[in-house]
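All residue numbers refer to positions in the sequence shown, counting from 1.
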Amino acid sequence: MRIRIVDAFTDRPFAGNPAGVMLLDDVFPDDDWLQNVALEVNHAETAFAHRLPAGGEADWALRWFTPVAEVAMCGHATLATAHVLHTTGAHEGPVRFATRSGVLVATPGADGWITLDFPTAPLTAVEVPEGLAEALGAEPVVAYDTGPNVGDLLVELADERTVLKLAPDHKALTAHSSRGVIATARADDPSLGYDFVSRCFFPNVGIDEDPVTGSAHTALAPHWSARLGRDDLVGLQASPRSGLVRTGLRGDRTLLTGRAVTVIEGDLLA
């Protein structure tokens, strides 16, 4: 079987967020095999997809695994999968994925851009948990629960510099959400091409810091659209690899637009 490594939410290799992508011939193999492949790939997520019969509500079934667990929703691996489908000719036009988070649509645009249609995360204001500031290394201004699909605690910090300088205690962060913590702040200088910054720490699923997180932007989009008064924004995820995500808030749906680059292609022999 062919396996590919795709850098998502970037237009150049060795940036953005890498994901493994496997297009399967038939139904999903057993979960242990899927988990072992994801562990071997050892990127934030590995996506597995197989074609569905024509005439249904979706075109492909899609699942995502980190090196240690299956997740309910993943933006960058969905973008990577759509990129593989379109660049290999396995699928033309918009593709509908059947997932644990419902049917997700990826629509190709000009110059390699792909737009994902994801459910908007429901934000619920919560008290800043005791001990979070110490674990994160900064005092949150506000905190939100992001609902079951995302499963993170979203915290706004004082400014962009504070987000960039974070050096959290990853083990201590595990106590504060089911997946991890999204730290964000308004961009200091929007003329640089982005409206807000973020960093994402997911130690509960084996990822201390995720390079660029599509699913997190389904929570960042409604948060910053309410703050800034605009539905269409650009977020910079300021990890060491870094990447840009265009967000479009459309009520209970959020559009995530980015590009992707295939960097490795080979055969899985196991």
Side-chain angles (χ1 to χ4, degrees), residues 1-11 13-54 56-108 112 114-118 149 179 202 205-207 210-215 241 243 256 258-270:
M1 287 178 285
R2 301 297 285 171
I3 187 166
R4 297 167 175 87
I5 305 298
V6 177
D7 290 343
F9 291 114
T10 182
D11 60 357
F14 315 125
N17 201 351
V21 178
M22 291 196 68
L23 303 183
L24 306 170
D25 292 333
D26 205 342
V27 297
F28 294 115
D30 66 77
D31 289 1
D32 288 343
W33 185 88
L34 297 172
Q35 188 64 73
N36 281 332
V37 172
L39 177 60
E40 189 78 8
V41 172
N42 202 33
H43 284 313
E45 258 86 19
T46 298
F48 302 92
H50 69 78
R51 194 185 304 273
L52 294 172
E57 67 173 3
D59 307 301
W60 291 75
L62 178 62
R63 296 171 70 180
W64 314 278
F65 286 77
T66 78
V68 300
E70 184 174 9
V71 296
M73 185 166 65
C74 179
H76 87 276
T78 304
L79 179 64
T81 305
H83 169 79
V84 170
L85 289 173
H86 295 136
T87 55
T88 62
H91 191 94
E92 294 184 0
V95 54
R96 301 168 299 167
F97 294 111
T99 78
R100 288 174 59 179
S101 296
V103 175
L104 307 176
V105 180
T107 303
I114 296 173
T115 296
L116 309 177
D117 183 336
F118 271 44
N149 284 340
R179 183 174 72 163
F202 303 142
V205 291
I207 305 164
D210 198 37
V212 190
T213 315
S215 59
R241 290 177 63 102
L256 309 172
R259 299 180 70 177
V261 181
T262 300
V263 293
I264 297 174
E265 182 175 351
D267 293 321
L268 180 70
L269 303 179

Problem - Sole residue of Leu23, Ile114, Val21 in side chain to side chain contact (heavy atoms under 4.5 Å, CB included) with Leu85 - result: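 Exactly one pass, corresponding to Leu23.
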Handout entry: Other residues, nucleotides, ligands: >12 heavy atoms within 6.0 Å of Asp267 CG
Key =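 Atom CG in Asp267 is crowded, with more than 12 foreign heavy atoms closer than 6.0 Å.
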Practice task
Answer yes or no: are there more than 12 heavy-atom neighbours, outside Glu40 itself, under 6.0 Å from its atom CD?
Solution key: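 12 or below, so no.
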From [atom1] ([X]) to [atom2] ([Y]), nearest 0.5 Å:
X      : Y      : atom1 : atom2 : result
His83  : Asp7   : NE2   : CG    : 9.5 Å
Leu104 : Thr81  : CG    : OG1   : 11.0 Å
Leu52  : Leu62  : CG    : CG    : 10.0 Å
Leu79  : Thr115 : CG    : OG1   : 9.0 Å
Thr46  : Asn36  : OG1   : CG    : 11.5 Å
Glu70  : Asp31  : CD    : CG    : 6.0 Å

Exercise for the section: For Thr10 and Arg241, test the side chains for any donor-to-acceptor distance below 3.5 angstrom and give the result as yes or no. Expected result: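 Distance-only check fails for Thr10 and Arg241.
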Practice task
Answer with yes or no whether the side chains of Trp64 and Thr78 bring together a donor and an acceptor at under 3.5 Å.
Solution key: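 Yes.
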Exercise for the section: Please report the closest heavy-atom contact between Leu24 and Pro29, naming both atoms and the distance. Expected result: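 In this case the closest contact between Leu24 and Pro29 is CD1-CD, 3.7 Å.
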Handout entry: CA sep, side-chain torsions, deciding dist, call: Glu57, Arg96, salt bridge (Lys or Arg N to Asp or Glu O under 4.0 Å)
Key = CA-CA 8 Å; Glu57 67 173 3; Arg96 301 168 299 167; over 6 Å; no
Exercise for the section: Determine yes or no for a side-chain-to-main-chain donor-acceptor pair under 3.5 angstrom, with Thr213 supplying the side chain and Ser215 the backbone. Expected result: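 Looks like no, no N/O pair under 3.5 Å.
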Problem - Contact check, side chains of Glu265 and Arg2, non-hydrogen atoms, under 4.5 Å - result: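 Yes, close enough: below the 4.5 Å cut-off.
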Practice task
Start with the C-alpha gap between Asn17 and Phe9, add the side-chain angles, then the distance that decides, and say whether side chain to side chain contact (heavy atoms under 4.5 Å, CB included) holds.
Solution key: CA-CA 7 Å; Asn17 201 351; Phe9 291 114; 5.6 Å; no
Handout entry: Of all pairs that satisfy ring-ring contact (aromatic ring centres under 6.0 Å, His included), the ones with a partner from residues 24-54, not counting sequence neighbours
Key =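 Those involving residues 24-54 are Phe28-His50, Phe48-Phe65.
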